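Just so it is clear, the structure is predicted and the values come from calculations on it, not from any experiment. Ligands are counted one by one from 1 in listed order, and the atoms in each one are counted from 1 as well.
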Amino acid sequence: MSTATAIAHPNIALAKYWGKRAGEGNRPAVPSLSVTLEGMSTRTQVTFDAALGADEVRVNDALLEGEGAVRAIALLDRVRARRGEARRARVVSTNDFPTASGLASSASGFAALAFAASAAAGLDLGASALSDLARRSSASAARSILGGFVELAAGGEDPNAELAAHVVAPPEHMDLAVLVAVTHEGPKAVGSTDGMTLTRTKSPYFAVWIDAAPRIFAELRGALLARDFAKTGELAEASALAMHASAIAAGVVYWTAATLDVIHAVRALRAAGEAAYFTIDAGPHVKVLVPGARAEQVRAKLAEVRGVLAVRVTRPGGGARLA
Ligand code: PMV
């Protein structure tokens, strides 16, 4: 038996990835920029075992089935192919944050799986190769391999070409807290892959999003590097709003009444002088960007908003590592 364990953290995109290039290879249609968050982790152990007849993937003690299992096994197959490894694997993964935490576990989950599976197979991959491996299962996972502020370019023509995330700036680059306003318990209705496909095939605004996203990304990257908090926040909102507008036009509505109430609360806070900005992923929760020193005050305000079940305070943190 050969085994390895890795730890990875979720990330939140400031410039969103939404939409894949048509064809193979899970290539994003637009560039994205995210921040990796500390304080929440996925811990994944992979064991290649000759006694196993099939791969067995457990997440939080439950056997993974359906699309998630297919993607995890595809990642294991890629590792096996690289190494000439024939043994099947036992994967045991746990999140120390609840599923209804408002943060997707696929980014940290596939980042930890890529790291643990390659190490268990005896592959010593660098950050780029690990990021590329994770990206083929979940593009947001490519970014969770790295810490701090991280970018992932759009994919090119060749589905086999390496496409990996890169560090834009370390965690301490900007004094930032990300408040996660949880508005709903339970899984989302439409997964991100299905949501992206519907947007690409049905939204009259998909082409507009594809045109706007790289510009928003480039401007946000510049504002972040210049440590311009307000501009970074404004552009993060613009990215989330443009992404959701394109999705909504395809009938993909992730927002609930509570999502809108938090959006309005953030705007009211801003009108009152607070540097608070929102972003929203493929779900109803709202993430609020504030300067680190304002985290507790803004958290208390968000906790009072109708429909908010909990508010978690997170900060920029490090990338994936072996345990
Ligand atoms: O890679 P996925 O399937 O987790 O898609 C991520 C999509 C968003 O979270 C909405 C945006 C992003 O860039 O993380």
May I ask you to say whether [X] pairs ionically with [Y], meaning some side-chain N is under 4.0 Å from a carboxylate O?
X: Arg21; Y: Glu157; answer: yes
X: Arg27; Y: Asp158; answer: no
X: Glu296; Y: Arg299; answer: yes
X: Arg215; Y: Glu219; answer: no
X: Glu24; Y: Arg136; answer: no

*asked:* Can a donor-acceptor pair be found, under 3.5 Å and without considering hydrogens, that links the side chain of His244 to the backbone of Ile280?
replied: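 Side chain of His244 to backbone of Ile280, a donor-acceptor pair under 3.5 Å: yes, one is there.
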Is the backbone of Thr44 close enough, under 3.5 Å, to the side chain of Ser93 for a donor and an acceptor to pair up by distance?
no
Please report whether ligand 1 has a polar contact with [X], defined as an N or O pair separated by less than 3.5 Å (distance criterion only).
X: Trp18; answer: no
X: Ser192; answer: yes
X: Thr193; answer: no
X: Ala13; answer: no

Under a 4.0 angstrom heavy-atom cut-off, which atoms of ligand 1 come close to [X]?
X: Met196; value: 5 (O), 7 (C)
X: Ser138; value: 1 (O), 2 (P), 4 (O)
X: Ser106; value: 4 (O)
X: Ala139; value: 1 (O)
X: Ala282; value: 10 (C)

Asp49 side chain reached by Arg88 side chain, heavy atoms, under 4.5 Å: no
TODO: Identify the protein heavy atom lying closest to atom 7 (C) of ligand 1, giving its residue, its atom name and the separation to 0.1 Å.
DONE: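 For atom 7 (C) of ligand 1, the nearest protein heavy atom is Tyr17 O, 3.7 Å.
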query: For ligand 1, is any non-hydrogen atom under 4.0 Å from Ser140's backbone (N, CA, C, O), its side chain (CB onward), both, or neither?
result: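 Under 4.0 Å from ligand 1, Ser140 contributes backbone and side-chain atoms.
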Between the candidates Lys16, His244, Lys20, Arg143, which shows the shortest non-hydrogen contact distance to atom 14 (O) of ligand 1?
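Among Lys16, His244, Lys20, Arg143, the closest heavy atom to atom 14 (O) of ligand 1 comes from Arg143.
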Are any of the heavy atoms in Ala107 under 4.0 Å away from ligand 1?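 It does not; every heavy atom stays at 4.0 Å or beyond.
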